[in-house]
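Please read the structure below before turning to the comments.
Count residues from 1 along the sequence.
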Amino acid sequence: MNSMQIRRTGIAVAAAVLLPFSLAACSDPSDNTKAAPAAAGDPARAGESTPAEATTADQPFGPACAGVPKEGAGSFDGMAKDPVATAASNNPALSTLVAAVKRAGLVDTLNNAKDITVFAPTNDAFAKIPKADLDKVLADKATLTKILTYHVVGQRLMPEQLGNGSFETLQKGMLTTKGSGEAYKVDGTAGVVCGNVKTANANVYIIDTVLMPK
């Protein structure tokens, strides 16, 4: 074999060795591009959607929620921007409660409180009380204050905390809660008809019966 043949053979061998590496290097960009969609669907990244799912699960619930205005100050979005007494005043179903709060002089107390829960009786809840008895309570500020502050707990309660709970109220009495899912009872008598309503400083659970301090 002469020198020319040896030289050609060497070139051919070098090309055979280097060509696969050259092809691999050229294919890298396209491989990376194809890998991106697969990574987006990677189960390890599934947790990235958790905040949105949590937000969805943290919505108001209950049959009476359908009666809440869709827009404006009395809507769920509107109530979330105002402190609790102000927010309640924009909900027509709570007008009797709001009038009672004003008579007891508790508007500022509730609006200035931080992180509370209010169990808010509807107008129909107050209507269950005989008119003579209700008028008597509304005329007695001390008694009215005791009843209303019994409906307030000094912390924001989430639905899962109501499963089997016992909580001290601003009146210093203890109220109890039981239930699960979207069905809860307070003190064994009042049903939550629209729960987990957010205001600027409180979580509100609208109930169908007025609670009485024990």
Side-chain angles (χ1 to χ4, degrees), residues 50-69 72-98 100-102 104-122 125 145-214:
T50 299
E53 292 169 0
T55 301
T56 301
D58 198 32
Q59 297 302 308
F61 63 85
C65 292
V68 174
S75 67
F76 291 129
D77 287 341
M79 292 178 72
K81 298 174 183 176
D82 291 322
V84 64
T86 302
S89 70
N90 293 319
N91 188 324
L94 300 177
S95 59
T96 304
L97 172 63
V98 171
V101 168
K102 289 179 178 178
L106 293 174
V107 173
D108 289 340
T109 299
L110 294 179
N111 276 348
N112 293 329
K114 182 179 180 181
D115 293 332
I116 59 176
T117 293
V118 177
F119 293 93
T122 62
T145 298
K146 288 180 181 179
I147 292 173
L148 293 177
T149 53
Y150 182 72
H151 289 72
V152 184
V153 172
Q155 59 178 304
R156 283 187 185 257
L157 297 178
M158 302 303 294
E160 56 268 23
Q161 294 176 268
L162 305 184
N164 188 19
S166 180
F167 307 100
E168 184 177 9
T169 70
L170 296 192
Q171 182 264 342
K172 300 304 182 183
M174 300 294 292
L175 61 75
T176 60
T177 59
K178 286 188 177 182
S180 62
E182 296 187 357
Y184 295 94
K185 288 283 188 180
V186 184
D187 280 353
T189 57
V192 174
V193 294
C194 184
N196 205 27
V197 179
K198 302 293 195 302
T199 74
N201 68 326
N203 289 356
V204 178
Y205 293 86
I206 300 174
I207 55 178
D208 61 7
T209 303
V210 177
L211 304 174
M212 292 296 174
K214 298 177 181 64

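Under the 3.5 Å distance criterion, the side-chain polar atoms of Y150 are matched with a main-chain donor or acceptor of M174. When atom types are taken as modelled, the side chain of D115 and the backbone of R156 share no donor-acceptor pair closer than 3.5 angstrom. Looking only at distances, no side-chain donor or acceptor of N91 sits under 3.5 Å from a matching main-chain atom of A87. A donor-acceptor pair is defined here as one N or O able to donate and one able to accept, closer than 3.5 Å; such a pair exists between the side chain of T117 and the backbone of Q155. Distance alone, capped at 3.5 Å, places no donor-acceptor pair between the D82 side chain and the A73 backbone.
The minimum heavy-atom distance linking N90 with P92 is given by the pair O-CD, 3.6 Å. Scanning both residues, T145 and A104, for their nearest heavy atoms gives OG1-CB, 3.7 Å. Between V68 and S75, the closest heavy-atom pair is CG1-CA, 4.0 Å. Across P121 and L94, no two heavy atoms sit closer than the pair O-CD2, 3.5 Å. In terms of heavy atoms, N201 sits closest to P83 at OD1-CA, 3.4 Å. When all heavy atoms are compared, the tightest approach of Y184 to G163 is CE2-N, 4.1 Å.
Side-chain contact check for Q161 versus T177: every heavy-atom pair is 4.5 Å or farther apart. A heavy-atom distance below 4.5 Å is not found between the side chains of H151 and L97. At least one side-chain heavy atom of N203 sits under 4.5 Å from a side-chain heavy atom of M158. Using a 4.5 Å heavy-atom threshold, the side chains of V152 and T169 count as separate. Residues T122 and I206 have side chains in contact (heavy-atom distance under 4.5 Å, counting atoms from C-beta outward). With contacts defined as side-chain heavy-atom distances shorter than 4.5 Å, the pair N196/Q59 does not qualify. Annotation: side chain of F119 is in contact with side chain of L157 (closest heavy-atom distance under 4.5 Å). Side-chain contact between L162 and Y205 is present, with heavy atoms from C-beta onward closer than 4.5 Å.
The salt bridge (Lys or Arg N to Asp or Glu O under 4.0 Å) check on K114 picks up nothing, with sequence neighbours excluded. K146 is linked by a salt bridge (Lys or Arg N to Asp or Glu O under 4.0 Å) to nothing, counting only residues two or more places apart in sequence or in another chain.
K172 NZ: 12 or fewer foreign heavy atoms inside a 6.0 Å radius. Applying the 6.0 Å contact sphere to NZ of K178 captures no more than 12 heavy atoms from other residues, nucleotides or ligands.
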Is there a side chain to side chain contact (heavy atoms under 4.5 Å, CB included) between T189 and M212 once you walk through the steps? CA-CA 10 Å; T189 57; M212 292 296 174; over 6 Å; no

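Here the OG1 atom belonging to T86 is positioned 4.0 Å from the CG atom belonging to N111, to the nearest 0.5 angstrom.
Among L175, I116, V118, the single residue meeting the side-chain contact (heavy atoms from CB on, under 4.5 Å) criterion with V153 is L175.
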